[in-house]
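The structure appears right after this line, and notes come after that.
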Number of protein chains: 2
Amino acid sequence: MIKSEPAEALEYTSPATRRPQARARETGEKILAAALKEFAEHGFAGASTRAVAAAAGVQHPLVNYHFKSKEGLWRAVLEATAGQFMDQFQSRLAGLRGVDDVTKLRLVQEDFIRFSAENPHFHLLMSQAGQHPSKQLNALVNEFVRPYFTTISALIRAAQRAGSYVEGDPEHLQYLFIGATTRIFTLAAEVKLITGASPFSAAMLDRHVAACLGLFFRTSTAKPTGANSRRKT
Amino acid sequence: MIKSEPAEALEYTSPATRRPQARARETGEKILAAALKEFAEHGFAGASTRAVAAAAGVQHPLVNYHFKSKEGLWRAVLEATAGQFMDQFQSRLAGLRGVDDVTKLRLVQEDFIRFSAENPHFHLLMSQAGQHPSKQLNALVNEFVRPYFTTISALIRAAQRAGSYVEGDPEHLQYLFIGATTRIFTLAAEVKLITGASPFSAAMLDRHVAACLGLFFRTSTAKPTGANSRRKT
DNA sequence: GTCTATATTATGATAGAC
DNA sequence: GTCTATCATAATATAGAC
């Protein structure tokens, strides 16, 4: 994250104008990272731009200078978070080119769970955004959620034809999946009290992945429709 | 809700002191109902006591008079919401005395889903409370969550012995169940955009109940351990 | 781009009349 | 118990020097 010695120093094209730009980009990123944390922990209303600035180690007017307003900061955080998820999703998909759909779906769903565990902010932010209608929600849905859902729905349909996935409307099933997989992370404090263990521990996470995938993937009842009902294990 | 003509008028024991008490209780309830809505929609920090008072149709100092502080109001809302759920749960359980455990579990879980649909505030509040450690969370867990989880866990274990329920740790499975069943309600705005249909419509709700129960209940693979592997259908 | 200083508003909470 | 009036604080946002 810290890039204090940029290569521009060698180039010698007016470091007086070049270096500050890098510094500015850096403070923008520091603010964004701090905002991600603050928004996820305290919600949009509960987070103050002053607290964000303090956490980022900068003066508070800088957040409005870089992001126009608190709302602008919120939008930037949402875009960055959703974008980060979509980036890893797309590159993962690209890497799985040629793999059969059932396996692809299984791996992508597992990635989703592990991403959720590593980025607990992710679903807290998405939850806040998805509760009530808003302009930002429309943008978020059109830019990220709908493309993601479309891709996964196609995979689910393929897996259903192969008899390897629970029956039902794919989009509906995705909400069941998302809910089932993320609840222990968004209720982390309660989970800790009830079960005594952190939902983020490695052991718990492996069990969680197995349990979630086990709920939705069925070991091929070999439906009469599909041609290749390949089964794992 | 509106009880403007109480029977005390006949009794004639100083209506000057009796009637005001009823009115006070009524405003307390109006404030509580408004607070439930405001807290669920905007979160603890996002809801203002002034907005609560305005929604309740009373002056703002009255909320602090009746609930001591904003925190006190929050606690009262949590207690009322969790208490309402537990009341219907306990009375339902009492009504099912003598019914076999698998059926009992199935009915109680269905009730949970329908309660969640009818009280969308419920999980939004619980989500907020369960995110971070706090004194209120401890109280909530000890008073409501733990008793509920203990009862359900026992039923799940019985259903598992009968081969009618997915394998796994009962408490862990409950979080999967809660997440799977409630996500479409807490993400109502996003669901509406993605699927085009409200998750609260009667048709959607019935499909949802069937899908959720179908995920967790298995049609008795007749495990060798248990004695009576009774199967439904 | 970054700082100090400040305008403006909203909020939680209370005092005091009725 | 309910109202009006007000205090104290914290927050968003901006102006202006450097």
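Every heavy atom of this structure was used, including side-chain atoms; hydrogens, water molecules and symmetry mates were not. Each chain gets a letter, A, B and so on, in the order the sequences are listed, and its residues count up from 1. This structure is a prediction, so every number in the text was calculated from the model and none was measured.
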Checklist entry - So F112(A) and F177(A), would you call those rings parallel, tilted or perpendicular, with 30° and 60° as cut-offs? => result tilted
Checklist entry - What is the distance from CD of E26(A) to P of dG1(C), rounded to the nearest Å? => result 13 Å
Checklist entry - How does protein contact run along nucleotides 4-15 of chain C, one letter per nucleotide 5' to 3', with B for base contact, S for sugar-phosphate only, - for none, heavy atoms under 4.0 Å? => result BB-----BBBB-
Checklist entry - Can you check the L62(B) CG to dC18(C) C1' distance for me, whole Å? => result 14 Å
Item to check | Between S116(A) and H123(A), a side-chain donor and acceptor under 3.5 Å | outcome: yes
Item to check | Intermediate values then yes/no, side chain to side chain contact (heavy atoms under 4.5 Å, CB included), T195(A) and H172(B) | outcome: CA-CA 8 Å; T195(A) 70; H172(B) 184 194; over 6 Å; no
Next on the checklist: Quick one, L125(B) with W74(B), criterion side chain to side chain contact (heavy atoms under 4.5 Å, CB included). Give me CA distance, side-chain angles, the key distance, then yes/no.
Outcome noted: CA-CA 10 Å; L125(B) 292 171; W74(B) 169 251; 3.7 Å; yes
Checklist entry - Should Q174(A) and Y148(A) be marked as a side chain to side chain contact (heavy atoms under 4.5 Å, CB included) after you check the CA-CA gap, both sets of side-chain angles, and the distance that decides it? => result CA-CA 10 Å; Q174(A) 278 187 76; Y148(A) 178 75; 4.1 Å; yes
Item to check | Distance below 4.0 Å between T27(B) side-chain N/O and dG1(D) OP1 or OP2 | outcome: no
Next on the checklist: If we check side-chain hydrogen bond (donor to acceptor under 3.5 Å, both in side chains) with R114(A), which of these qualifies: N119(A), D206(A), T181(A)?
Outcome noted: D206(A)
Checklist outcome for this item: When rounded to whole Å, the CZ to C1' distance for the pair R23(B) and dC3(D) reads 11 Å
Checklist entry - Once you round it to whole Å, what is the distance between P of dT2(D) and CD of Q21(B)? => result 11 Å
